[in-house]
Protein chains: 2
Amino acid sequence: MNDTTPNLRRRAGRTGCAVEATMSVLGGIWKPVLVFHLLPGRVRFNALCRLTPNATARMITLQLRELEADGIIRRIVYPEVPPKVEYELTALGRTLEPILLSLREWGAAFQDRHANTAA
Amino acid sequence: MNDTTPNLRRRAGRTGCAVEATMSVLGGIWKPVLVFHLLPGRVRFNALCRLTPNATARMITLQLRELEADGIIRRIVYPEVPPKVEYELTALGRTLEPILLSLREWGAAFQDRHANTAA
DNA sequence: CGGCATCCCACCCGATACTG
DNA sequence: CAGTATCGGGTGGGATGCCG
């Protein structure tokens, strides 16, 4: 098996830090990005790949599986040819929205800052 | 050198996703936790270790160095014997506060949910 | 199209020992 | 106390190829 957040997953809660609990779900650089891209609605697998060019399809698959296992997203398979698979946020997943918006907002400001400061 | 977020760091911004930019700074499971524990004020190295028992001292050192390089935290060395080092958030680091609070809030709810549902 | 299996290398990270 | 240096195992994750 190939787990992105190996043995940390369920131990996080016990340390008393709720932040770790969140990170045990959103841990890994791609999960927040994937969830973020799912905020507007259902997205096809390939579209997610295009939206996340720095990650390989393999990684995206793995991360999506973990998010699914944690009840953050739902996987919708259309029994057609050619195959079509969409992903969408669950109700639980949608509760992450404020976090993702914060992340995007801060990231945008950080990018600006670096655009002005460094190269 | 030992970098936790190797070649992803500065590339993140260009992909057009601000969330990745944030993750290039907060990436790694321990960084959010460390920043979170620095919210109240200056904290000594050993105290951070105690607050983050799942991470080794080595990892904490490494992560702190990266956060320092990104301008999130400041390292304060007291020229005494025995040595004393404290860490505190920079102004930029303090702008992460809403994110951390969101993470904590969600994590707390998630822990509750799992306390009721599973196990 | 979507995704899994395999191979395989790089690198992460824990443990230990040492320094100022 | 607060690190750094080094070693070594384990594993994350990229590339490739095949299947439904």
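Since this is a predicted model, take the numbers as computed values, not measurements. In what follows, every heavy atom counts, from backbone to side chain, and hydrogens, waters and symmetry copies are set aside. Within every chain, numbering begins at 1; the chains are lettered A, B, ... in the order of the sequence lines, protein sequences first and strands thereafter.
A search for side chain to side chain donor-acceptor pair (under 3.5 Å) contacts involving A/Thr56 returns nothing, not counting sequence neighbours. Not counting sequence neighbours, B/Glu105 has no partner by the side chain to side chain contact (heavy atoms under 4.5 Å, CB included) test. Residues satisfying the side chain to side chain donor-acceptor pair (under 3.5 Å) criterion with B/Glu88, sequence neighbours excluded, are B/Arg42, B/Arg74. Scored by the side chain to side chain contact (heavy atoms under 4.5 Å, CB included) test, A/Val81 finds no partners at all (sequence neighbours excluded). Not counting sequence neighbours, the partners of B/Arg50 by the side chain to side chain contact (heavy atoms under 4.5 Å, CB included) test are B/Asn46, B/Ala47.
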Check the interface with nucleotides 17-19 of chain D: list each N/O to N/O pair with the protein under 3.5 Å, or write none.
none

Listed pairs, N/O of protein and of nucleotides 1-3 of chain C, under 3.5 Å:
from, atom 1, to, atom 2, distance (Å)
C/dC1, O3', A/Arg44, NH2, 3.1
C/dG2, OP1, A/Arg44, NE, 3.0
C/dG2, OP1, A/Arg44, NH2, 3.1
C/dG2, OP2, A/Asn46, N, 3.2
C/dG2, OP2, A/Asn46, OD1, 3.0
C/dG2, OP2, A/Asn46, ND2, 2.7
C/dG3, OP1, A/Arg75, NE, 2.9
C/dG3, OP1, A/Arg75, NH2, 2.7
C/dG3, OP1, A/Tyr87, OH, 2.9
C/dG3, OP2, A/Tyr87, OH, 3.3

Under 3.5 Å between N/O atoms: give me all the protein pairs with nucleotides 5-7 of chain D, atom names plus distance.
from, atom 1, to, atom 2, distance (Å)
D/dT6, O4, B/Arg58, NH1, 2.9

Discussion item. Walk me through whether A/Arg75 and A/Val85 qualify under side chain to side chain contact (heavy atoms under 4.5 Å, CB included).
Written reply: CA-CA 7 Å; A/Arg75 185 164 174 264; A/Val85 177; 4.0 Å; yes

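Within the structure, ring pair (Phe, Tyr, Trp, His ring centres under 6.0 Å) pairs that include any residue of residues 34-73 of chain B do not occur (at least two apart or interchain).
In this structure the side chain of B/Leu67 reaches within 4.5 angstrom of the side chain of B/Lys31, judged on heavy atoms. With contacts defined as side-chain heavy-atom distances shorter than 4.5 Å, the pair A/Tyr87/A/Arg44 does not qualify.
Taking five base pairs at each end of the helix from C/dC1-D/dG20 to C/dG20-D/dC1 and finding the rotation axis that steps the C1' atoms of four pairs onto the next four gives two axes whose angle is 50°, to the nearest 10°.
Atoms CD1 (B/Ile60) and C1' (C/dC12) sit 16 Å apart, rounded to a whole Å. The CD atom of B/Glu80 sits 14 Å away from the C1' atom of C/dG20 (whole-angstrom rounding). Regarding A/Leu62, its CG atom lies at a distance of 8 Å from the P atom of C/dC4, rounded to whole Å. A straight line from CD of B/Gln63 to P of D/dG3 spans 14 Å, rounded to a whole angstrom. To the nearest angstrom, P of C/dC12 lies 20 Å from CG of B/Asn54. We find that CD of B/Glu68 is positioned 15 Å from P of D/dA2, with the value rounded to whole Å. Between A/Tyr78 atom OH and D/dG20 atom C1' the separation is 19 Å, expressed in whole Å. In this structure, CD of B/Glu66 is placed 16 Å from C1' of D/dG3, rounded to the nearest angstrom.
In this structure, OG1 on A/Thr52 lies 10.0 Å from CD on A/Gln63, to the nearest 0.5 angstrom. For the atom pair B/Leu34 CG and B/Leu26 CG, the distance stands at 10.5 Å (nearest 0.5 Å).
Considering only side-chain N and O atoms, A/Thr56 lies nowhere under 4.0 angstrom from the phosphate OP1 or OP2 of D/dG13.
Contact detail for B/Ala18 and A/Ala108: the closest heavy-atom pair is CB-N, 3.6 Å.
In this structure, A/Ile76 belongs to a hydrophobic cluster whose other members, linked by side-chain heavy atoms under 4.5 Å apart, are A/Tyr78.
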Side chains of residues 93-101 of chain B: which donor-acceptor partners sit under 3.5 Å, not counting sequence neighbours?
from, atom 1, to, atom 2, distance (Å)
B/Thr95, OG1, A/Trp106, NE1, 2.8
B/Thr95, OG1, B/Leu92, O, 2.3

